[in-house]
Amino acid sequence: MNMIQEILKRFSRKVFTGEDFLFLLNVEDEQDFQPVFEYSEKICESVYGRDVFVRGILEFSNICTRNCFYCGLRKGNDRLKRYRMKPDEIFKEVRKVSEKGIRTIVLQSGEDDHFTDEIMASLLERIKKNFNMAITLSIGERSYESYKQLKEAGADRFLLRIETSDEKLFKRLHPDGNFQQRKKCLHFLKELGYELGTGIMVGLPGQSCSSLVKDIFFFKEVGADMIGIGPFLSHQDTPLRNFRPRKFFLTLKVLALIRCLLPDVNIPATTAMGTIDPQGRQKALAAGANVIMPNLSPAVYRPLYQLYDNKICVYETSANCLSCTEEIVRQAGKTVCLGRGDRIKQ
Ligand code: 5AD
Ligand code: SF4
Ligand code: FES
């Protein structure tokens with residue numbers, strides 16, 4: 001029996017070691033790795049069946065006070081035209097999403113301090129009162145009190161990627177960030193009863209495979225309910241403009257290993273996966289992903305929300321993205337599920 005078969009046998013006995021993960025992340029031949037993808041897809045199906053949860057994303061402000069070196073929305077990018085949707089406009093867009101039958105909305109923005117707790121809370125209450133929807137926020141680091149107020153106003157889930165669990169690397173990428181603070185935020189969110197989403201980018205400068213192995217164990221340790229994984233993609237107006245690793249296969253392997261370790265978490269086939277490879281999201285669904293997140297932002301704002309170059313869907317409408325993601329789900333041999341898509345805890 002070859003090494004990969006031996007490792008899969010250990011996985012089926014729920015034995016997961018850093019050495020095995022490291023070995024698998026170093027497998028270079030895609031054909032050799034295929035049995036692992038088949039295994040991780042099977043594990044996913046043992047919990048979620050063929051269902052793929054659809055969650056609409058609304059990018060409501062591209063204004064950001066931070067300077068993350070990798071991101072096109074960073075404050076220091078003065079070539080970007082900035083926008084901020086008004087609460088009324090956000091509410092109207094959420095109504096459209098609800099009318100499509102989608103029961104989860106992800107409200108995403110830069111760290112825009114215009115959206116105070118009061119403004120956010122009143123928007124959340126209004127959405128909750130009018131629509132039967134799970135609300136996910138992806139608006140960055142805030143205080144415990146703030147997260148608490150937003151939870152009480154109706155937020156159900158929160159996405160805050162750790163980006164990397166390597167403190168030194170985190171520091172190099174975030175001139176104005178603090179790793180311990182970021183971890184604290186994740187603990188706050190968990191403690192407050194949010195469904196917790198986190199995640200990383202794969203292919204960051206100076207990121208090793210053993211660092212990725214630590215990331216995988218980190219997700220288990222923080223009790224993540226959802227884990228978003230995407231390749232790092234460079235953006236021309238950032239300090240990392242010339243760093244172009246394009247680690248699609250490595251990202252897919254990381255995704256599969258997360259599924260093996262954490263059978264019941266939600267894992268999206270991310271937009272970045274669809275950007276780096278035209279079949280990226282189909283391949284992610286075939287490797288253990290069970291969520292897809294169509295961009296449902298108004299067409300006028302899309303070109304202004306480019307976290308990285310060549311982001312897909314920028315010149316599309318919401319209707320196109322919704323039907324496109326449904327088609328991707330079908331191509332992967334799975335079923336579109338517009339419901340809330342809560343984690344099925346096992
Ligand atoms: N490449 C890939 N992903 C990126 N993100 C931000 N910039 C990039 C980039 N250049 C991701 C981060 C962030 C999420 C909203 O988008 O992981 O958490
Ligand atoms: Fe702002 Fe988030 Fe981009 Fe960092 S990753 S610059 S916090 S939008
Ligand atoms: Fe937007 Fe395919 S999901 S065009």
Side-chain angles (χ1 to χ4, degrees), residues 54-57 59-77 80 82 106-113 136-142 158-164 170 173-178 181-182 185-186 197-205 207 215 227-241 243-248 251 268-276 278-282 292-297 299 302 304-329 331:
V54 173
R55 319 200 193 282
I57 308 193
E59 300 154 332
F60 66 91
S61 164
N62 72 350
I63 296 174
C64 190
T65 55
R66 300 181 76 138
N67 256 316
C68 309
F69 283 135
Y70 45 82
C71 177
L73 305 192
R74 63 199 302 273
K75 182 181 172 198
N77 178 8
L80 181 63
R82 303 285 169 164
V106 181
L107 300 176
Q108 188 171 80
S109 69
E111 291 200 11
D112 180 353
D113 45 26
T136 304
L137 295 177
S138 176
I139 57 176
E141 293 182 25
R142 297 173 87 103
F158 205 102
L159 306 181
L160 182 68
R161 288 187 177 177
I162 189 77
E163 314 295 358
T164 170
F170 186 96
L173 296 167
H174 301 97
D176 41 19
N178 177 307
Q181 189 56 38
R182 171 74 58 137
C185 287
L186 295 177
T198 186
I200 54 161
M201 285 175 283
V202 176
L204 292 165
Q207 185 184 45
D215 295 336
I227 300 165
I229 305 296
F232 162 77
L233 294 162
S234 74
H235 185 292
Q236 59 187 352
D237 300 317
T238 66
L240 297 178
R241 63 179 66 82
F243 183 69
R244 297 181 175 270
R246 306 193 64 84
K247 301 268 187 205
F248 175 67
T251 310
T270 56
T271 304
M273 290 297 260
T275 298
I276 196 172
Q279 292 292 309
R281 285 174 295 176
Q282 288 87 333
I292 195 156
M293 299 161 79
N295 186 333
L296 300 182
S297 306
R302 293 178 177 224
L304 306 177
Y305 208 93
Q306 302 208 44
L307 306 164
Y308 41 80
D309 290 339
N310 306 312
K311 185 179 164 212
I312 53 169
C313 307
V314 160
Y315 301 105
E316 305 292 338
T317 61
S318 298
N320 284 348
C321 287
L322 182 57
S323 56
C324 175
T325 47
E326 290 179 339
E327 183 54 30
I328 289 170
V329 172
Q331 280 170 11

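All heavy atoms count here, side chains included; hydrogens, waters and symmetry mates do not. Order of listing sets the numbers, starting from 1, for every ligand and every atom in it. This is a predicted model, so every value here is computed, not measured.
Counting atoms of ligand 2 from 1 in the listed order, those under 4.0 Å from a heavy atom of Cys71 are 3 (Fe), 5 (S), 6 (S), 8 (S). Remark: ligand 3 atoms within the under-4.0 Å shell around heavy atoms of Arg281 are 2 (Fe), 3 (S). Residue Gly110 approaches ligand 2 through these ligand atoms, each under 4.0 Å from one of its heavy atoms: 8 (S).
Near atom 2 (Fe) of ligand 3, less than 2.8 Å away, sit the protein N, O or S atoms Cys324 SG.
Residue Cys68 counts as close to atom 4 (Fe) of ligand 2, with an N, O or S atom under 2.8 Å.
Donor-acceptor pairing under 3.5 Å is recorded for the side chains of Ser234 and Arg244.
If you look at ligand 1, the protein residues with a non-hydrogen atom under 4.0 Å away are Tyr70, Cys71, Gln108, Arg161, Glu163, Met201, Pro231, Phe232, Leu233, Leu307, Tyr308.
Using a cutoff of 4.0 Å between basic side-chain nitrogens and carboxylate oxygens, Asp112 and Arg82 are not scored as salt-bridged.
Between the side chain of Asp237 and the main chain of Asn77, no donor-acceptor pair closer than 3.5 Å is present. Of the possible donor and acceptor atoms, none in the side chain of Asn67 sits under 3.5 Å from a partner among the backbone N and O of Pro175.
In terms of the ring pair (Phe, Tyr, Trp, His ring centres under 6.0 Å) criterion, residue partners of Tyr70 (sequence neighbours excluded) are, by chain and number, His174. A search for salt bridge (Lys or Arg N to Asp or Glu O under 4.0 Å) contacts involving Lys311 returns Glu59, not counting sequence neighbours.
The structure places CD1 of Ile229 at 8.5 Å from OG1 of Thr198, a figure rounded to the nearest 0.5 Å. Between the OG1 atom of Thr65 and the CG atom of Asp176 there is a distance of 7.0 Å, given to the nearest 0.5 Å. Going from atom CG of Leu233 over to atom OG1 of Thr251 covers 8.5 Å, rounded to the nearest 0.5 Å. To the nearest 0.5 Å, atom CD1 of residue Ile200 and atom OG1 of residue Thr164 are 7.0 Å apart.
Two residues are said to be in side-chain contact when any heavy atoms from C-beta on lie closer than 4.5 Å; Leu173 and Leu240 meet this criterion.
In this structure, the protein non-hydrogen atom closest to atom 7 (S) of ligand 2 is Cys64 SG, 3.5 Å.
With Gln331 as the fixed residue, the side-chain contact (heavy atoms from CB on, under 4.5 Å) test singles out one of Arg281, Glu326, Gln282: Gln282.
Shown here, atom 2 (Fe) of ligand 2 is out of close reach of the protein: none of its heavy atoms lies under 4.0 Å off.
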